[in-house]
Amino acid sequence: MDSVIKGLIVYLFLLVIFRFSGKRTLAQTTNFDLVLLLIISETTQQAMVDNDHSITNAFLLIMTLIGSSILLSFLKQRYKKLEQWLEGLPLIIMEDGKLHKDRMKKDRVDESDVLNAARLIHGIENLDQIKYAIIEKNGEISIVPNKEEKK
């Protein structure tokens, strides 16, 4: 039972930490982020397992973590406010060629991130060709080009 409690505590802790770290944290994974994720996984594994390296304990922890994830998905479907708190809402960071610097700063996005997404998605090269830039719930940037730019 100790492993279940430790697993739940670690799961909830990581959920809160990643929620407050921002949407773009997981959307833009760099080499440094990968190393950090590996260190976090090793640290949490040690915290959950302690000295019990049995296969029974491993199965119990896996069932606890997967069960927590399934329960959370059911709760998010039932309580939209919980979903909004956990995953956030899409955020418009650019409208009609005007950047919302305050919103961009909040999610640690800069002009080059917007232009990069615009190039990748639509081949757009200038900000004035963009009607909307939106940070989606998953941290990706969506681009809506100006009508005169659509083909």
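Side-chain contact check for Pro145 versus Lys131: every heavy-atom pair is 4.5 Å or farther apart. Taking 4.5 Å as the limit, some side-chain heavy atom of Val114 sits within range of a side-chain heavy atom of Ile143. Using a 4.5 Å cut-off on side-chain heavy atoms (C-beta onward), Ile124 and Arg119 make no contact.
Side-chain atoms of Ser69 do not come within 3.5 Å of backbone N or O of Leu65 as any donor-acceptor pair. A donor-acceptor contact shorter than 3.5 Å links the side chain of Asp110 to the backbone of Ser112.
Under the 4.5 Å side-chain heavy-atom criterion for ILVMFWY residues, no single connected hydrophobic cluster contains both Leu82 and Phe74. The cluster map of Ile, Leu, Val, Met, Phe, Trp and Tyr, joined by side-chain heavy atoms under 4.5 Å apart, puts Ile121 and Leu99 in the same cluster. Linking Ile, Leu, Val, Met, Phe, Trp and Tyr whenever their side-chain heavy atoms come within less than 4.5 Å puts Ile92 and Val144 in one cluster. By the criterion of side-chain heavy atoms lying less than 4.5 angstrom apart, applied directly or through intervening Ile, Leu, Val, Met, Phe, Trp or Tyr residues, Leu15 is grouped together with Tyr79 in one hydrophobic cluster. Linking Ile, Leu, Val, Met, Phe, Trp and Tyr residues whenever their side-chain heavy atoms come within less than 4.5 Å places Leu14 and Leu61 in a single cluster.
Atoms CZ and OG1, from Phe59 and Thr64 in turn, are 13.0 Å apart once rounded to the nearest 0.5 Å. Here the CD-NZ distance, from Gln84 to Lys76, works out to 12.5 Å after rounding to the nearest 0.5 Å. Here the CG atom belonging to Asp96 is positioned 5.5 Å from the OH atom belonging to Tyr132, to the nearest 0.5 angstrom. Here CZ of Arg103 is found 10.0 Å from CD1 of Ile93. Values are rounded to the nearest 0.5 Å. How far CG of Leu89 is from CD1 of Ile135: 12.5 Å, rounded to the nearest 0.5 Å.
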Worked verdict on Glu136 versus Ile141 for side chain to side chain contact (heavy atoms under 4.5 Å, CB included)
CA-CA 6 Å; Glu136 301 295 344; Ile141 298 175; over 6 Å; no
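In summary, Lys80 and Glu83 engage in a salt bridge, as defined by a charged side-chain N under 4.0 Å from a carboxylate O.
The environment of Ile55 atom CD1 is sparse: at most 12 non-hydrogen atoms of other residues, nucleotides or ligands sit within 6.0 angstrom.
Only one option out of Val109, Leu115, Asp113 pairs with Glu111 in a side-chain contact (heavy atoms from CB on, under 4.5 Å); it is Leu115.
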